[in-house]
Amino acid sequence: KEDLNPASFDATVYKDRFYGLPRIASVNILWYNKDVLRQAGLDPEKPPTTWEELVSMAQQCNQNGNSGIVFSYGSPYGSTIQWELAQYLCGGKLVDENDNVVFNDESGVKAMNMLKEFFDLGIAEPSSLSNPGGWEQQQAFIKGKTAFTICWANTYAHVGNPEISLMDIEDLGWTTIPTVDGNTASVSGSEGYVVSKYAKNKDNALKLLEFLASPESQKVLCADSMFPPVRLSLYDDPEMIPALAAFKEQAKSYSNRFAAPYGVEFTDALQSEVVNCLNGKKTVEQALNDAEEKCKEIVENYKESSGA
């Protein structure tokens, strides 16, 4: 366990109990197109370090057919991850350890305004409200016309695939997510396998998971998928992907993706209000109040039905 990246190990943890072992490690980081930065007169070797710099540089790049940044708000899954990240950067979260809805506070308002600014300024890539998740977000980015995206580790593999990418891999840059009031944060996209209590052969299941998490298997999985390994001892291996240093640093400030027994209904409700705010149909206050009301009802129904 000491050699497992905590951000990957927690992929199989729920409320301090672990149910399996990780298969891949990933946290979202900031990726950028050096060529688009160059066209805007910016130094391609100096990416933004603060959120204010990110907004300013995205705005400068939003010209001559290029866009500033691309997101994925087109599904409950994608939308919640974007919203979670902004919350974490502002020191907030969606629910507390007792399943109380806590996102409609000062940090929640600040986070929503941060996201809304990209749309108010018209610098979000047009597909941002319809992209369901990271894959579609990456497909928009590799067209080579967008300056920034905050996305998963396999962005490197998509950019480096000449069959689908219009970007030169030499123009791909990466760095940790810009800070808000000196605080950086990231959402873990790590994945793993768990063993069900109904499994008929738990011992062999565990052996399989141990094999997949072994250093030997991890080197093969990393080479094939371009995701970082779950083994910390491999992060300095020269055969791994070049962006590992950024992932290792970003993983120090990770948070898990939202997970709860009532998660599907919760994220459905949350997405509709986040999108209503971003596309100008509701104010930040209206969207957060409506989202809070819906989500509280969902959690209360869960508590009543489960006896929690």
Side-chain angles (χ1 to χ4, degrees), residues 28 30 48 50-52 54-59 62 67-96 100-134 136-137 140-141 146-151 177-181 183 185-187 255 257-258 260 262-300:
N28 44 25
L30 180 71
T50 68
W51 198 264
E52 291 80 9
L54 173 61
V55 174
S56 175
M57 292 176 69
Q59 194 169 12
N62 197 69
S67 56
I69 190 167
V70 61
F71 297 101
S72 52
Y73 291 101
S75 72
Y77 162 81
S79 187
T80 300
I81 288 176
Q82 315 283 313
W83 166 243
E84 274 186 290
L85 174 60
Q87 283 267 288
Y88 295 145
L89 285 166
C90 295
K93 52 186 176 181
L94 299 180
V95 298
D96 65 16
N100 296 309
V101 177
V102 295
F103 59 72
N104 193 7
D105 59 5
E106 184 177 346
S107 63
V109 172
K110 182 175 181 178
M112 187 70 88
N113 276 304
M114 280 168 42
L115 300 178
K116 191 173 186 297
E117 184 175 20
F118 290 107
F119 293 87
D120 289 346
L121 293 173
I123 57 179
E125 202 273 339
S127 68
S128 292
L129 289 178
S130 58
N131 292 325
E136 292 80 9
Q137 188 175 335
F141 181 67
T146 304
F148 300 102
T149 192
I150 296 174
C151 206
I177 293 173
T179 61
V180 174
D181 298 329
N183 175 56
S186 186
V187 177
S255 294
R257 284 178 287 186
F258 174 68
Y262 48 84
V264 173
E265 292 176 281
F266 192 101
T267 54
D268 280 350
L270 191 60
Q271 182 210 10
S272 65
E273 298 306 331
V274 170
V275 171
N276 280 338
C277 178
L278 299 181
N279 64 19
K281 292 183 178 179
K282 290 187 179 181
T283 65
V284 169
E285 182 180 13
Q286 288 173 328
L288 286 177
N289 286 343
D290 291 347
E292 180 182 38
E293 182 179 352
K294 292 178 181 178
C295 290
K296 279 186 173 180
E297 182 179 354
I298 290 166
V299 174
E300 287 305 313

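Note that these values count all heavy atoms, side chains included, but never hydrogens, waters or copies made by symmetry.
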Which atoms form the tightest heavy-atom contact between [X] and [Y], and what is the distance?
X: Leu89; Y: Asn183; answer: O-ND2, 3.0 Å
X: Lys294; Y: Ala269; answer: CB-CB, 4.0 Å
X: Asp105; Y: Val102; answer: OD2-O, 3.3 Å
X: Ile123; Y: Val55; answer: CD1-O, 3.9 Å
X: Pro48; Y: Pro178; answer: O-CG, 3.9 Å
X: Thr179; Y: Glu52; answer: O-OE1, 4.5 Å

Does a donor on one side chain and an acceptor on the other come within less than 3.5 Å for Ser127 and Glu125? yes

Ignoring hydrogens and angles, state whether a donor on the side chain of Ser79 or Gln271 is under 3.5 Å from an acceptor on the partner side chain.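 Not at all, the side chains of Ser79 and Gln271 share no donor-acceptor pair under 3.5 Å.
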
With Tyr88 via side chain to side chain donor-acceptor pair (under 3.5 Å) - residues at least two apart: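 By the side chain to side chain donor-acceptor pair (under 3.5 Å) rule, Tyr88 matches Glu84.
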
Do the side chain of [X] and the main chain of [Y] share a donor and acceptor less than 3.5 angstrom apart?
X: Thr146; Y: Ser67; value: no
X: Thr267; Y: Tyr77; value: no
X: Asn28; Y: Val187; value: yes
X: Glu136; Y: Gly133; value: yes
X: Asp268; Y: Pro76; value: no

pair [X]-[Y]: side-chain heavy atoms closer than 4.5 Å:
X: Phe258; Y: Val95; result: yes
X: Phe148; Y: Leu30; result: yes
X: Gln87; Y: Ser255; result: no
X: Gln82; Y: Val274; result: no

Is there a side-chain contact (heavy atoms from CB on, under 4.5 Å) between Phe119 and Cys277? Walk through the geometry before answering. CA-CA 10 Å; Phe119 293 87; Cys277 178; over 6 Å; no

Please step through side-chain contact (heavy atoms from CB on, under 4.5 Å) for the pair Tyr262 and Val299, ending with a clear verdict. CA-CA 7 Å; Tyr262 48 84; Val299 174; 3.7 Å; yes

Measuring from Met112:CE to Leu288:CG, what's the distance to the nearest 0.5 Å? 4.5 Å

Once rounded to the nearest 0.5 Å, what's the spacing between atom OG1 of Thr80 and atom OH of Tyr73? 10.5 Å

The test is side-chain contact (heavy atoms from CB on, under 4.5 Å); show your working for Cys295 and Glu273 and say whether it passes. CA-CA 11 Å; Cys295 290; Glu273 298 306 331; over 6 Å; no

Pair Lys296 + Glu292: basic N to acidic O under 4.0 Å: yes

For Glu265, what residues pass the side chain to side chain contact (heavy atoms under 4.5 Å, CB included) criterion, not counting sequence neighbours?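 Result, side chain to side chain contact (heavy atoms under 4.5 Å, CB included) vs Glu265: Ile298.
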
Side chain to side chain contact (heavy atoms under 4.5 Å, CB included) with Phe118: of Asn62, Leu278, Ile69, only one passes, and it is Ile69

Test Leu270 against Phe103 for side-chain contact (heavy atoms from CB on, under 4.5 Å), laying out the working first. CA-CA 10 Å; Leu270 191 60; Phe103 59 72; 4.1 Å; yes

